[in-house]
S.K.: 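Below: one structure in structure tokens.
Throughout, residue positions are numbered sequentially from 1 according to the sequence presented. Quick caveat: nothing in here was measured; it's all calculated off a predicted structure. Side chains are part of it too, since the values below use all heavy atoms of this structure and drop only hydrogens, waters and symmetry mates.
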Amino acid sequence: MRTYNDRKRVLVTGGAGFLGSHLIDRLLARGDDVLCVDNLFTGSRRNIAHLDSHPRLEFMRHDVTFPLYVEVDEIWNLACPASPVHYQHDPVQTTKTSVHGAINLLGLAKRLRVPIFQASTSEVYGDPVVHPQPESYWGHVNPIGTRSCYDEGKRCAETLFFDYHRQHGLDIKVVRIFNTYGPRMHPNDGRVVSNFIVQALQGQDITVYGNGQQTRSFCYVDDLINGFLAFMAAPAEFIGPVNLGNPGEFTMLELAQKVIALTGSRSAIVHQPLPSDDPLQRKPDIRLAQERLGWTPKIDLDAGLALTIAYFDRLLSQQGEVTQLAA
Ligand code: NAD
Ligand code: UDP
């Protein structure tokens, strides 16, 4: 726990989102003063409602595509819709959020001379032809497809971070996050884990896209946040990019079967068309994080799914609230 003298003023953009709200919990627990900046596009005040009266948390509704003038000691840039359904809803705004958002926050970090963290993504590897994906892989990304607003936006943000580092000597930390799941995912954001769990709990058909043989590697949120904090605390010369994710690799059919077994659901599996440019495989090579941060994920998929199912079960049983959340 920090004391008054070494307390940090920390800015978290996207702090009312899934990952941002978990990060804020941990920053407050260690004694930081937190400024949460979010335009509430996909995030919700509900994700930080348990902190409403917290004396060290301040919320500011703001869109990071516009400049921000605040005084802080550290910046965590997480603002960006993360699910394909949400980032494809307004693709121009998605690219602006990554690119203009990065320019605005890097400008802020440069003025204040403070470290800045960027939530990048495994999507920078696109539909990878190298498997598993090490940080040295440059990726296989369609620049003009329906996922490009997100993939290329995040790639350009990485470029900006590294150019601000080279050109202006900024302290940067760039993490490439692989699929992460857990409590506070939006029940209606279209991501596979939340979709399957909500469908199973409600006895609806489980929608597997394509033949279900495409793979993903799923990291439980607590493991990921441990990696974030270890990375930000690492020596300034370790700037990344560094992969954070759980290397356990599963097909979407395997995931559907696990969710059915863990919920005891009678839902049937149905197949729907595979969205365009949907990567066929994805699995992080996490040797760099293991070597440099001593970090390794601890929570396996069954344990993490059980915790996430319990969360959605509670949420769905709160009558009326889900309709409100899903709106
Ligand atoms: P999320 O949608 O729950 O959170 C994103 C937050 O950013 C939301 O609160 C949203 O309202 C806010 N936001 C969006 N555009 C904004 C803007 N222009 N100005 C201010 N706020 C804005 O998603 P998440 O899963 O918590 O993802 C957080 C970050 O991590 C994102 O940058 C995402 O790209 C990255 N990431 C997440 C995953 C994952 O599996 N969860 C994987 C790779 C990368
Ligand atoms: N997917 C699926 N059914 C769903 C939602 C997603 O089969 O209801 C598939 C999707 O086609 C992709 C994988 O699950 O192959 C992961 O999708 P998600 O949107 O969670 O993340 P991303 O594609 O960005 O990894």
S.K.: Looking just at side-chain N and O atoms, do Asp25 and His50 make a donor-acceptor pair shorter than 3.5 Å?
M.R.: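 Present: a donor and an acceptor within the cut-off.
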
S.K.: Please indicate whether His140 has more than 12 foreign heavy atoms, meaning atoms of other residues, nucleotides or ligands, lying under 6.0 Å from its NE2.
M.R.: no

S.K.: Does Phe117 have Lys173 sitting over its ring (NZ/CZ under 6.0 Å from centre, angle to axis within 45°)?
M.R.: no

S.K.: Please tell me whether Thr251 and Gln213 have a donor and an acceptor in their side chains that are separated by less than 3.5 angstrom.
M.R.: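 The answer is no; no qualifying pair exists.
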
S.K.: Checking Asn104 side chain against His100 main chain: does a donor-acceptor pair fall under 3.5 Å?
M.R.: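 Checked: pair present.
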
S.K.: Is any side-chain heavy atom of Leu51 closer than 4.5 Å to one of Leu28?
M.R.: yes

S.K.: Do Asn77 and Thr13 have a side chain donor and acceptor closer than 3.5 Å?
M.R.: yes

S.K.: Quick one: do Glu152 and Arg155 make a salt bridge, cutoff under 4.0 Å?
M.R.: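 Yes, Glu152 and Arg155 are salt-bridged.
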
S.K.: If Ile, Leu, Val, Met, Phe, Trp and Tyr residues are connected whenever their side-chain heavy atoms lie under 4.5 Å apart, and connections chain through other members, are Val70 and Leu170 in the same group?
M.R.: yes

S.K.: Quick one about His131 and Gln133 (side-chain donor to acceptor, distance below 3.5 Å, no hydrogens or angles considered), yes or no?
M.R.: yes

S.K.: Using a side-chain heavy atom cutoff under 4.5 Å and only I, L, V, M, F, W and Y, what cluster partners does Val129 have?
M.R.: Val124, Tyr125, Val130, Tyr137, Phe178

S.K.: Answer yes if the side chains of Ser122 and Arg176 hold a donor-acceptor pair under 3.5 Å, and no otherwise.
M.R.: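 No.
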
S.K.: Do the side-chain N and O atoms of Thr215 and Glu249 include a donor-acceptor pair separated by under 3.5 angstrom?
M.R.: yes

S.K.: Please say which of Arg7, Arg9, Arg30 ends up in a salt bridge (charged side-chain N to carboxylate O under 4.0 Å, His left out) with Glu74.
M.R.: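 Filter result, single survivor: Arg30.
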
S.K.: Would you check if there is a donor-acceptor pair between the side chains of Arg191 and Asn179 at a distance under 3.5 Å?
M.R.: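 Result is no, nothing qualifies.
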
S.K.: Could you tell me if Asp205 and Ser267 have a donor-acceptor pair between their side chains, going purely by distance under 3.5 Å?
M.R.: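 Looking only at side-chain atoms, Asp205 and Ser267 do not form any donor-acceptor pair under 3.5 Å.
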
S.K.: Thinking salt bridges, do Asp73 and Arg113 make one under a 4.0 Å N-O criterion?
M.R.: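 No salt bridge links Asp73 with Arg113.
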
S.K.: Please list, chain by chain and in numerical order, all residues satisfying side chain to side chain donor-acceptor pair (under 3.5 Å) with Arg111, sequence neighbours excluded.
M.R.: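 Result, side chain to side chain donor-acceptor pair (under 3.5 Å) vs Arg111: Glu71.
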
S.K.: Going by atom types alone, do Thr207 and Gln199 pair a side-chain donor with an acceptor below 3.5 Å?
M.R.: yes

S.K.: Side chains of Gln281 and Asp127: donor-acceptor distance under 3.5 Å anywhere?
M.R.: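 No - no donor-acceptor pair under 3.5 Å links their side chains.
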
S.K.: Quick one: are the ring centres of Phe218 and Phe250 less than 6.0 Å apart?
M.R.: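 No, they do not, as the ring centres are separated by 6.0 Å or more.
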
S.K.: Atom NE2 of residue position His89 - does it have more than 12 heavy atoms of other residues, nucleotides or ligands inside 6.0 Å?
M.R.: no

S.K.: Report yes if the side chains of Leu68 and Val37 come closer than 4.5 Å at any heavy-atom pair, otherwise no.
M.R.: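 Contact flag for Leu68/Val37 side chains = yes.
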
S.K.: Which other residues end up in the same hydrophobic cluster as Tyr150, if Ile, Leu, Val, Met, Phe, Trp and Tyr are linked when side-chain heavy atoms come under 4.5 Å apart?
M.R.: Tyr87

S.K.: Against the six-membered ring of Phe238, is Arg292 placed for a cation-pi contact (under 6.0 Å from the centre, within 45° of the normal)?
M.R.: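 The answer is yes, since Arg292 meets both limits relative to Phe238.
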
S.K.: For residues Phe161 and Ile239, determine if any side-chain heavy atom of one lies less than 4.5 Å from a side-chain heavy atom of the other.
M.R.: no

